[in-house]
Amino acid sequence: MAVSVALRAVSRRYPQLTALDGVDLEVAAGETVMLTGPSGAGKSTVLHLTGGMDRPDEGHVEIDGVQLTPRDLDAHRRRIGFVFQRFHLLPALTALDNVLAPVLPRRVDFDRHERGRELLEAVGLGDRADALPSQLSGGQQQRVAVARALINRPGLLLADEPTGNLDSVIGREIIDLLMALRERYGMTMLIATHDAEVAASGDRVVRLQDGRITSDQRITPAADVLGRLGGLRP
Ligand SMILES: Nc1ncnc2c1ncn2[C@@H]1O[C@H](COP(=O)(O)OP(=O)(O)OP(=O)(O)O)[C@@H](O)[C@H]1O
Ligand SMILES: [Mg+2]
């Protein structure tokens, strides 16, 4: 189920520079927010803090109104999916085993293979389960990475320049796929991108510069986002 996200006065400081400087950002459940801004603006930092891969120096992150604490981080990381620019598939594993990799070392309350196959179908690779990454195109590898990100049925998907290594046509297909999966599984999405066309396909475009939000532009009316969520709830 899609979750809401809030960054409350979040700062991330390194000895030489401030990566994020008192950022406040609220993302409604089911909303897709595109993070834009020049290199070094803080987009990846927002994703890492939201995903619990990094911790703020000041302020905090809330998921469904509950403050993330260091104790929750492991559980939190399991509730989110992450898609990277450079796919990060394990080269020796088949597509199916890459999708299953996050849940192989753990006990889970679902049938791994059934879900892995369902997700490969959902990303259009039902017939390539046994292919190695080297036998797949860049776009197909990113589809496998998207399926892997969904293995725990996350309510939140974070993507860091998911189209950055793909040509614009294939990039468009990946974005369209994410939008379709968002409807099907019910997810909130935060996507960092340098591509203006990709950004325009979100519900909101949040621009960062020097660690601060400099604009926040709504594309989809909030009521439509709510309506989409309403359609998902049983
Ligand atoms: N581990 C680190 N140590 C020191 N500085 C860091 C570290 N990680 C990030 N930074 C700095 O924090 C700032 C924000 O980085 P971030 O990666 O969030 O930018 P970005 O908007 O994602 O850029 P890009 O578009 O190039 O991916 C940059 O100035 C970066 O150099
Ligand atoms: Mg980045």
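For ligands, and for the atoms within them, numbers begin at 1 and follow the listed sequence. This one's a predicted model, so the numbers in the text were calculated from it and none came from an experiment.
Contact shell of ligand 1 (protein heavy atoms, cutoff 4.0 Å): Tyr14, Leu17, Ala19, Pro38, Ser39, Gly40, Ala41, Gly42, Lys43, Ser44, Thr45, Glu161, His194.
Here Ser44 reaches the Mg ion (ligand 2): one of its N/O/S atoms is less than 2.8 Å from the metal.
Partner of Leu158 under the side-chain contact (heavy atoms from CB on, under 4.5 Å) criterion, out of Val83, Leu47, Ile191: Leu47 alone. Each of Val23, Leu68, Val10 was checked for a side-chain contact (heavy atoms from CB on, under 4.5 Å) with Pro56, and the lone residue meeting it is Val10.
Between Arg172 and Asp176, at least one side-chain N (NZ, or NE/NH1/NH2) sits under 4.0 Å from a carboxylate O, which counts as a salt bridge. Contact check on Glu26 versus Arg204 returns no salt bridge, with no Lys/Arg side-chain nitrogen under 4.0 Å from an Asp/Glu carboxylate oxygen.
No donor-acceptor distance shorter than 3.5 angstrom exists from the side chain of His60 to the backbone of Ala6, with no hydrogens or angles considered.
Between Phe84 and Phe82, the ring planes are parallel. Angles under 30° get that label, and only those over 60° would be called perpendicular.
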